[in-house]
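So that the names make sense, note that chain A is the first sequence line, chain B the second, and so on, each numbered from 1. Small disclaimer: the values here were computed from a predicted structure and weren't measured.
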Amino acid sequence: MTDLTMRIWRGDENGGELVDYTIESQENEVVLDVIHRLQATQIPDLACRWNCKAGKCGSCSAEINGMPRLMCMTRMDQLPQGPVTITPMRTFPIIRDLVTDVSFNYEMAKRVPAFNPPPMPEGGYRMQQIDVERGQEFRKCIECFMCQNVCHVIRDHEENKVNYAGPRFFIRYAELEMHPLDTNDRRELVREKMGLGLCNITKCCTEVCPEHIKITDNAIIPLKERAVDAHYDPVAWLGRKITGRKKRTADEAAADRP
Amino acid sequence: MADYEHHSYDVIIIGAGGAGLRAAIEAKQRGLNVAIICKSLLGKAHTVMAEGGVAAAMGNVYEEDNWQVHFRDTMRGGKMLNNWRMAQLHAQESPDRVLELEQWGALFDRTKDGKITQRDFGGHRYARLAHVGDRTGLELIRTLQQKAVSMDIDVFMECKVLRLLRDDQGAISGAVGYWRPTGEFITFSAKSVILATGGVGKSWKYTSNSWEGTGDGHAMAMWAGADLIDMECIQFHPTGMVWPLSVRGILVTEGVRGDGGVLRNSEQKRFMFDYIADMFKAETASSEEEADKWYDDHTAGRRPPELLPRDEVARAINTEVKAGRGSPHGGVFLDIASRRSAEFIRRRLPSMYHQFMELAGVDITTTAMEVGPTCHYIMGGVRVDADTTATAIPGLFAAGEVAGGMHGSNRLGGNSLSDLIVFGRRAGMGAADYIEGRSGDITLDAAQVQAIINESLVPFSREEGENPYDIQRDLQELMQSNVGIIRTGSELDEAVVKLEELKERANNVIVKGNTRVYNPAWNLATDLPAMLTVSTCAALGAQARKESRGGHTREDFPKPDAAFGKVNMVLSQENGGGMNAPVKVDPQPILEMPDDLKVLFEEAK
């Protein structure tokens with residue numbers, strides 16, 4: 001067996017550095033296996049988040065040789081020869097080593113006005129498979145936050161975080177927007193307060209999504225179109241005036257939030 | 001005075017999987033001040049790993065289905081050791097709980113006429129599992145998480161609870177823990193505590209469980225004086241990945257078999273036909289031809305034997321491998337590639353396709369999977385009252401995997417997600433009702449709190465000692481080899497002795513490095529007492545139950561024994577117990593089923 005060089009960022013909020021560790025390679029391992037062996041044998045206090053080790057929980061996001069990846073789904077034998085560099089997600093504040101403070105995402109989750117369906121008829125709602133599938137694509141999201149990490153709107157501009165929900169929550173807004181039962185209208189909210197316009201569709205989020213959700217094409221672009229329609233389209237505006245509004249406005253929807 | 005932050009709530013819920021979240025929603029709806037405390041980030045709990053579906057007799061696919069059939073399937077699957085009242089409530093209430101999820105935003109797969117569709121699973125007479133592809137657990141946890149967030153429930157993420165506290169009247173009064181990201185201590189005073197901490201699988205080497213499955217709730221409940229039951233009843237899921245070694249144990253959903261996948265040995269034989277127990281002969285197909293008709297029309301043939309309850313299938317695989325008819329890496333073959341189209345497989349089982357492609361380089365639309373048993377679920381747990389989920393300790397409730405009784409000695413697939421939402425809700429109701437009758441302020445005993453904090457810090461003060469990872473590894477090896485899928489008296493005796501040795505080592509554990517900030521070695525050191533406690537309970541229960549039943553198989557007592565079928569193995573300690581305190585083992589009679597329910601089993605014969 002040959003030796004591996006793992007170049008791991010060690011440090012905390014005050015700074016840190018890349019440190020090289022040498023460990024024997026083993027067959028068919030993923031990056032997270034090597035991290036666990038390092039913890040058990042050499043660096044017991046190496047901080048790293050993980051849970052399911054099966055690509056289902058989205059806890060072990062990191063940057064592997066500069067690319068955002070899930071450590072549990074990245075096989076060592078598919079990485080190029082030479083040292084493997086592992087660094088924490090750059091967009092979020094460091095807690096320690098590979099663990100970052102992802103609370104930004106949980107704050108954004110709180111700002112999403114709740115799903116609001118009509119009362120359920122006896123025996124449950126009726127929906128067609130083709131209609132639920134649009135939302136189901138977005139509900140595959142495992143909240144690894146790698147799309148948030150890679151999005152340059154916040155990766156390079158900390159100041160945007162206050163008013164930018166990010167790709168993870170654009171798919172959440174798109175899912176609710178396309179939900180066959182929902183009655184809230186969040187289009188003004190995403191346009192005005194969630195920074196949808198800041199996204200200039202470079203598709204970085206789609207590229208890193210471990211669930212292969214077409215974030216840009218299937219969520220963000222349709223959401224942009226709908227938000228723009230809602231805001232500028234005079235025919236739609238007139239239509240709403242005449243027929244009576246079906247959906248509630250952004251402010252009304254946001255008022256559902258405590 | 002110790003340095004720690006303090007919070008006061010009506011109810012604290014420990015654990016943020018399906019049961020914890022559902023309990024929190026219920027308690028909050030009752031107007032209570034509620035907090036959820038969880039070891040990981042919100043939404044990462046083991047519930048996300050559930051794949052196949054949530055069992056509920058909605059009758060959307062087979063109108064013949066109803067709660068009585070579901071109840072009967074559940075009891076028979078559990079080999080009649082179940083708490084019948086829990087099984088009844090579960091079967092009666094799960095359809096409403098599933099519909100409720102859609103009111104909160106879940107999107108289940110549909111039938112042609114737009115209802116929630118349901119899939120076949122082992123041990124269920126009718127297609128009964130509401131599902132979203134093979135990621136139903138994710139849908140369930142995300143729906144409940146989003147509901148809880150919209151209700152503004154406080155969540156303490158990455159917060160580990162060390163011990164429960166009781167007041168001088170014996171009622172529950174709160175808990176002590178620490179923040180993992182800072183290592184700072186935290187106390188909670190609460191009128192009621194709901195345990196929803198999940199399972200214990202991390203004490204076994206090959207497991208589908210995440211690092212969180214260390215049995216914290218089981219252990220803390222017993223240390224505080226509550227009873228555990230039937231901790232020997234542990235489910236080894238028949239189909240875990242066996243290769244590559246680094247992913248051994250990761251789950252392969254039973255949905256593969258429900259959707260047409262079959263098990264073959266190295267001779268390409270569908271061997272499950274050789275393992276149909278008498279109890280299931282009447283309703284199981286006797287030929288491949290008959291079994292294959294069933295998938296399209298459940299009235300045209302009887303069920304394929306691949307869909308027998310999990311304990312039956314796991315034992316059969318174990319026997320085939322032992323007999324030398326296994327796959328190259330020590331499992332058997334799970335073949336759906338030769339039976340269903342690639343398009344069907346990718347649509348119905350997307351995450352299985354993904355998992356095998358990325359981790360094993362195997363395309364399941366063309367190649368059979370190699371699978372074998374993996375430690376998956378503990379049926380045993382905290383003894384609770386069925387209707388309220390109350391434990392023996394006033395104010396302490398338990399729901400989900402941490403609670404015992406619902407599944408008897410073996411759980412049917414799909415009955416776990418439904419258990420979470422049925423009894424999560426009931427725990428919230430139980431706690432709310434309890435609080436209405438509770439008066440007076442709650443104060444925590446500062447000396448007791450300080451003692452708990454000090455105990456957790458000892459590993460930093462040693463000059464030399466044991467590496468916590470070494471103890472964990474040796475524990476996993478021991479439980480895998482001596483308290484695994486097939487057990488025998490001498491190996492169990494040895495396990496009990498060796499567990500005491502491991503506890504001695506754990507008493508001498510050392511954490512190097514000074515920081516408590518997100519220090520996984522320290523986190524593990526504080527998980528070890530619970531892991532060793534639940535492992536001891538499993539070994540002691542297995543020693544005492546001298547029969548084979550469901551998830552407990554004794555080579556030296558290979559048959560069920562009617563006398564043991566009438567008792568729960570009750571494990572207990574005095575309040576103030578711990579890893580080092582003795583555990584009392586006491587067989588006690590199970591609840592007697594009323595006659596009107598007994599009839600369901602007589603008619604079926």
Side-chain angles (χ1 to χ4, degrees), chain A residues 12 26-30 33 39-41 44-59 73 75 95-97 99 101-103 106 109-110 112-115 117 120 123-129 131-132 135-136 139-143 172 176 179 181-182 211-212 256-258, chain B residues 40-46 48-49 58 99 102-105 107-110 112-116 132-133 135 137-139 142 146-147 149-152 155 157 181 210-212 243-247 250-251 351 354-355 358-359 467-470 473 511-513 515 517-522:
Chain A
D12 56 27
Q26 287 185 7
E27 213 183 348
N28 291 308
E29 283 190 317
V30 293
D33 290 316
Q39 285 178 328
T41 57
D45 66 338
L46 171 61
C48 128
R49 250 188 209 116
W50 72 284
N51 275 58
C52 75
K53 204 178 167 292
K56 293 194 169 71
C57 76
S59 300
M73 295 300 280
R75 285 168 66 176
I95 292 177
R96 204 164 70 76
D97 299 343
V99 176
D101 175 0
V102 294
S103 53
Y106 288 94
K110 288 183 191 170
V112 180
F115 172 66
M120 189 176 74
Y125 298 111
R126 298 287 180 109
M127 291 180 269
Q128 290 304 308
Q129 182 67 28
D131 295 324
V132 302
Q136 283 180 339
R139 292 182 71 82
K140 288 197 305 194
C141 171
I142 58 174
E143 298 203 324
R172 172 70 174 142
L176 290 164
H179 196 297
L181 300 173
D182 186 51
E211 289 294 307
H212 309 297
D256 284 355
R257 294 290 314 127
Chain B
S40 287
L41 295 174
L42 186 60
K44 308 300 183 189
H46 200 58
V48 302
M49 299 288 288
M58 308 174 83
L99 291 175
E102 287 216 321
Q103 292 172 277
W104 297 342
L107 286 169
F108 287 98
D109 287 346
R110 318 309 291 184
K112 281 203 172 60
D113 57 354
K115 294 184 198 168
I116 294 172
V132 186
R135 55 160 193 87
L138 175 66
E139 185 70 8
R142 201 64 83 228
Q146 286 162 349
K147 177 70 180 171
V149 166
S150 78
M151 296 173 79
D152 219 17
V155 184
M157 291 188 220
S210 80
W211 73 269
E212 292 193 280
W243 183 89
L245 200 59
S246 75
V247 295
I250 293 180
L251 201 62
S351 75
H354 190 60
Q355 180 175 313
E358 307 229 346
L359 294 175
N467 177 351
Y469 294 98
D470 290 345
R473 181 199 58 222
V511 177
K512 291 179 185 154
T515 186
V517 174
Y518 224 107
N519 186 337
W522 182 47

With no hydrogens and no angle check, is any side-chain donor or acceptor of B:R110 less than 3.5 Å from a backbone partner on A:D131? no
Is B:E139 in contact with chain A via its backbone, its side chain, both, or neither, using a 4.5 Å heavy-atom distance? both
Looking at every heavy atom in both B:S351 and A:K56, which two are closest together, and how far apart are they? OG-CE, 3.9 Å
With respect to chain A, which residue among B:P468, B:S40, B:A45 yields the maximal number of heavy-atom pairs within a distance under 4.5 Å? B:S40
Under a 4.5 Å heavy-atom cut-off, does chain A meet the side chain of B:L138, its backbone, both or neither? side chain
If one checks every heavy atom of A:I142 against chain B at 4.5 Å, the contacting part turns out to be both
Let me know if B:I250 has heavy atoms under 4.5 Å from chain A in its side chain, its backbone, both or neither. side chain
Find the one option among A:D12, A:D101, A:D45 whose heavy-atom pairs under 4.5 Å with chain B are most numerous. A:D45
Looking only at heavy atoms, which two atoms of B:L107 and A:R139 are closest? And how far apart? CD1-CD, 4.0 Å
Within-4.5 Å side-chain heavy-atom neighbours: B:E102 and A:M120: no
Whatever's closer than 4.5 Å to a heavy atom in chain A on B:W243 counts as side chain
If you count heavy-atom pairs within less than 4.5 Å of chain B, which of A:E211, A:R49, A:E29 leads? A:R49
Can you give me the closest heavy-atom contact between A:N51 and B:S210, atom names plus distance? O-CB, 2.8 Å
Is A:V30 in contact with chain B via its backbone, its side chain, both, or neither, using a 4.5 Å heavy-atom distance? both
Quick one: NZ on B:K112 to CD on A:Q128, what's the gap to the nearest 0.5 Å? 10.5 Å
For a quick test of reading the model, state the closest non-hydrogen atom pair linking A:A54 to B:M49 and the distance between them. CB-CE, 4.0 Å
Hey, mind stepping through A:K53 and B:W211 against side chain to side chain contact (heavy atoms under 4.5 Å, CB included) and telling me if it holds? CA-CA 9 Å; A:K53 204 178 167 292; B:W211 73 269; over 6 Å; no
Any side-chain heavy atom of B:R142 within less than 4.5 Å of one from A:R172? no
For B:N467, is it the side chain, the backbone, both or neither that has a heavy atom under 4.5 Å from a heavy atom of chain A? side chain
Given 3.5 Å as the limit, does a donor-acceptor pair link the side chain of B:K44 with the main chain of A:E143, or not? yes
Most heavy-atom pairs under 4.5 Å with chain B, out of A:G58, A:G55, A:G135, belong to A:G58
Do B:K147 and A:F115 touch side chain to side chain, with heavy atoms closer than 4.5 Å? no
Which heavy-atom pair separates B:P181 from A:I95 by the least distance, and what is that distance? O-CG2, 3.7 Å
What's the separation between atom CG in B:L359 and atom CE in A:M73, rounded to the nearest 0.5 Å? 4.0 Å
Evaluate side chain to side chain contact (heavy atoms under 4.5 Å, CB included) for A:N28 paired with B:L245, printing each intermediate quantity in order. CA-CA 7 Å; A:N28 291 308; B:L245 200 59; over 6 Å; no
Under a 4.5 Å heavy-atom cut-off, does chain A meet the side chain of B:M157, its backbone, both or neither? side chain
Check A:Y106 against B:L42 and note the closest heavy-atom contact, atom names and distance. OH-O, 2.8 Å
